[in-house]
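All remarks here apply to the structure that follows.
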Amino acid sequence: MIKSPRRNRELKLLAGALLLAGAALAATQVSAPRLGATVIIAAALIYTLLYLASHLALRVFAPHADPLLLPLAALLTGLSLTMIYRLDLTLAWRQLAWVAVGNIILIVLVARFKNYRSLANYKYLLGLTGLVLLFSTIRFGAGFLEPNLWWNLGPFSFQPSEIAKILIVIFFAAYLSEKRELLSVFTRKIGRVSVPDPKHLGPMLLFWLVSLGLLVIQKDIGASLLFFGLFLVMLYVATNRGLYVAIGSVLFVGGATFAARAFSHVATRIQIWLNPWSDPAGKSYQLVQSLFALGSGGIWGAGLGRGYPTLIPVVTTDFIFSAFGEEIGLVGVIAVITIYLAFVGRGLNIANKTADDFGKLLAVGLTAVFAIQTFVIIGGVTRLVPLTGITLPFLSYGGSSILSNFILLGLLLKVSNQSIEEASEIK
């Protein structure tokens, strides 16, 4: 093995993550056995080998990459496999297959992708591809435009917006790194308010409006909120201008008000959020069951395999956090949230240590996507914000979500490794 202090630290943390995930699976198997012990051990071994292979790839091709991100991802996917195994055996095998594909993509990305800055050369192509992916699921029918969020590929389905979000992050990072100084200097005035030259901000606003327009047509509130938050965070980080936050807040409030009045599905989501008890057996049933599950979990939870999370519709995707809340309690879900906070913290740390503007903004954008998506789904199932219907990174069931998050992980690791290598060469 190649000697690397960071990789040695990663291996220790990875061993701990794998042991914790294995203990969770063993506890579930004892409480609610679904398969024989031999099959469970074989599945756990496959899962372990997958992450050891990713670790070895990092040791060889990215020895200076952040040592905490891979163990955190391993722990989250291990918990995901445990809960999905407890809920739906068929989906558990599919999730394990997607985790395998995700690790393979991570290994290929780390081994073959040499310089993340090369992505900036294709910013417009990648941005356009992201838009095409968003548009590709809209079908023309009797209602002119019929919203659809998935590609159906035989027995599998794929959500292209999951890949589109990565491409749009790359576009934003490349464009803002190129135009950040021009966007930071306000040379025009509207009344007494100074604003940047519209020709520099125009392409960004156009791209944002088009992407949000497509998502509104598709009635995908979660993705719309995700892209809006991403746009605002990256623009603020690039320019350090509070005016953009103020303008963005006004746009958000105005857009939310318009959407609530113009689209019945948005109004319904807001009504359910404000008063889920108005129709607990109908439109609010899913959220009400989620709140009951979280409440019944108490401080310590019912125990893995001992709750009734199957009473929540679509529990393996949108509401998997609620399933954990019932079975591992408040203490357990605080631990899960801490894992997510650690992942976000490491991503921001990578951005802080990266010298070039593109790499810094790329790391911020990828971390922001991860953080906003996590906040939106946890906030939705706990009634902190309206339900949006997006997946919880690494934890929810879903192939497209798993693959996009492994790509996100791989890019963060490449930025981390390359920035430290270049800093070492300068010294």
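Fair warning: this is a prediction, and the values are worked out from it, not measured in the lab.
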Residue set satisfying side chain to side chain contact (heavy atoms under 4.5 Å, CB included) with Val30, at least two apart, ordered chain then number -> none
task = For the residue pair Tyr116 and Asp356, confirm or rule out a side-chain donor-acceptor distance under 3.5 Å.
result = yes
Rounded to the nearest 0.5 angstrom, the OG-CG distance for Ser177 and Leu361 is 6.0 Å
Closest heavy-atom pair, Leu58 versus Ala65, reported as atoms and distance to 0.1 Å, is CD2-CB, 4.5 Å
Contacts of Glu181 meeting salt bridge (charged side-chain N to carboxylate O under 4.0 Å, His left out) (sequence neighbours excluded), chain-then-number -> none
Between Ser396 and Ile84, the two heavy atoms sitting closest are C-CD1, 4.5 Å
**Report entry** Validation row: Asn352, Leu348 side chains within 4.5 angstrom (heavy atoms)
**Finding:** no
| message | Within the structure provided, determine whether Val233 and Phe172 are in side-chain contact (heavy-atom separation under 4.5 Å). | response | no
Taken to the nearest 0.5 Å, the spacing of Leu387 CG from Ile270 CD1 works out to 11.5 Å
Side-chain donor-acceptor distances from residues 127-135 under 3.5 Å, at least two apart:
| residue | atom | partner | partner atom | Å |
| --- | --- | --- | --- | --- |
| Thr129 | OG1 | Leu125 | O | 2.7 |

Less than 3.5 Å apart, which donor and acceptor atoms pair up between the side chains of residues 71-82 and the rest of the protein, not counting sequence neighbours?
| residue | atom | partner | partner atom | Å |
| --- | --- | --- | --- | --- |
| Thr77 | OG1 | Tyr51 | OH | 2.5 |
| Thr77 | OG1 | Ala73 | O | 2.9 |
| Thr77 | OG1 | Ala74 | O | 3.1 |
| Ser80 | OG | Gln95 | NE2 | 3.1 |
| Ser80 | OG | Leu395 | O | 2.7 |
| Thr82 | OG1 | Gly78 | O | 2.9 |

Sorted by chain and residue number, the salt bridge (charged side-chain N to carboxylate O under 4.0 Å, His left out) partners of Arg306 (sequence neighbours excluded) come out as none
Please step through side-chain hydrogen bond (donor to acceptor under 3.5 Å, both in side chains) for the pair Ser400 and Glu162, ending with a clear verdict. CA-CA 6 Å; Ser400 48; Glu162 288 287 343; 5.4 Å; no
For residues 287-297, the side-chain hydrogen bond (donor to acceptor under 3.5 Å, both in side chains) pairs (sequence neighbours left out) are Ser290-Ser322
The reported gap from CD1 in Ile166 to CG in Leu126 (rounded to nearest 0.5 angstrom) is 11.5 Å
dist Leu413:CG -> Leu109:CG (nearest 0.5 Å) comes out at 8.5 Å
In short, Arg94 meets Tyr397 closest at the heavy-atom pair CD-OH, 3.4 Å
Going by heavy atoms in the side chains, are Leu412 and Leu362 under 4.5 Å from each other?
-> no
On a heavy-atom basis, the closest approach of Glu326 and Tyr308 is OE2-N, 2.8 Å
Hits for ring pair (Phe, Tyr, Trp, His ring centres under 6.0 Å) against Phe394, two or more places apart or cross-chain, chain-then-number order -> Phe406
Non-hydrogen side-chain atoms of Lys283 and Gln271 separated by less than 4.5 Å | no
When every non-hydrogen atom of Arg269 is compared with those of Pro386, the smallest separation belongs to O-CB, 4.3 Å
| message | If you apply the rule side-chain contact (heavy atoms from CB on, under 4.5 Å), what do you find for Leu330 with Ile334, and how did you get there? | response | CA-CA 6 Å; Leu330 178 63; Ile334 287 176; 3.8 Å; yes
Those residues at least two apart in sequence (or on a different chain) that pass salt bridge (charged side-chain N to carboxylate O under 4.0 Å, His left out) with Lys360 are none
So do Leu304 and Met83 actually touch side chain to side chain, heavy atoms under 4.5 Å?
yes
dist Asn240:CG -> Leu235:CG (nearest 0.5 Å) comes out at 11.0 Å
Applying ring pair (Phe, Tyr, Trp, His ring centres under 6.0 Å) to Tyr85 and not counting sequence neighbours gives none
Problem - Minimum side-chain heavy-atom gap Phe358-Leu119 below 4.5 Å - result: yes
Could you tabulate the donor-acceptor pairs under 3.5 Å formed by side-chain atoms of residues 365-384, not counting sequence neighbours?
| residue | atom | partner | partner atom | Å |
| --- | --- | --- | --- | --- |
| Thr367 | OG1 | Ala363 | O | 2.7 |
| Gln373 | OE1 | Lys165 | NZ | 2.6 |
| Gln373 | NE2 | Thr391 | O | 2.9 |
| Gln373 | NE2 | Thr391 | OG1 | 3.3 |
| Thr374 | OG1 | Phe370 | O | 2.8 |
| Thr382 | OG1 | Ile378 | O | 2.7 |
| Thr382 | OG1 | Gly379 | O | 3.4 |
| Arg383 | NE | Trp273 | O | 2.6 |
| Arg383 | NH2 | Trp273 | O | 3.4 |
| Arg383 | NH2 | Leu274 | O | 2.8 |

Inset, instruction - Report, as yes or no, whether the 6.0 Å neighbourhood of atom CZ on Phe113 holds more than 12 heavy atoms from other residues, nucleotides or ligands. - result: yes
Ignoring hydrogens and geometry, is there a side-chain-to-backbone donor-acceptor pair from Ser278 to Asn275 under 3.5 Å?
-> yes
Scanning both residues in full, the closest heavy-atom pair of Pro276 with Ser284 reads O-CB, 2.9 Å
Sorted by chain and residue number, the ring pair (Phe, Tyr, Trp, His ring centres under 6.0 Å) partners of Phe292 (sequence neighbours excluded) come out as Trp277
side-chain hydrogen bond (donor to acceptor under 3.5 Å, both in side chains) pairs touching residues 327-351, sequence neighbours excluded, are Asp66-Arg346, Arg86-Glu327
Value for CD1 (Ile312) from CG (Leu287), rounded to nearest 0.5 Å, stands at 10.0 Å
Result for side chain to side chain contact (heavy atoms under 4.5 Å, CB included) between Val169 and one of Leu230, Val364, Leu408 points to Leu230
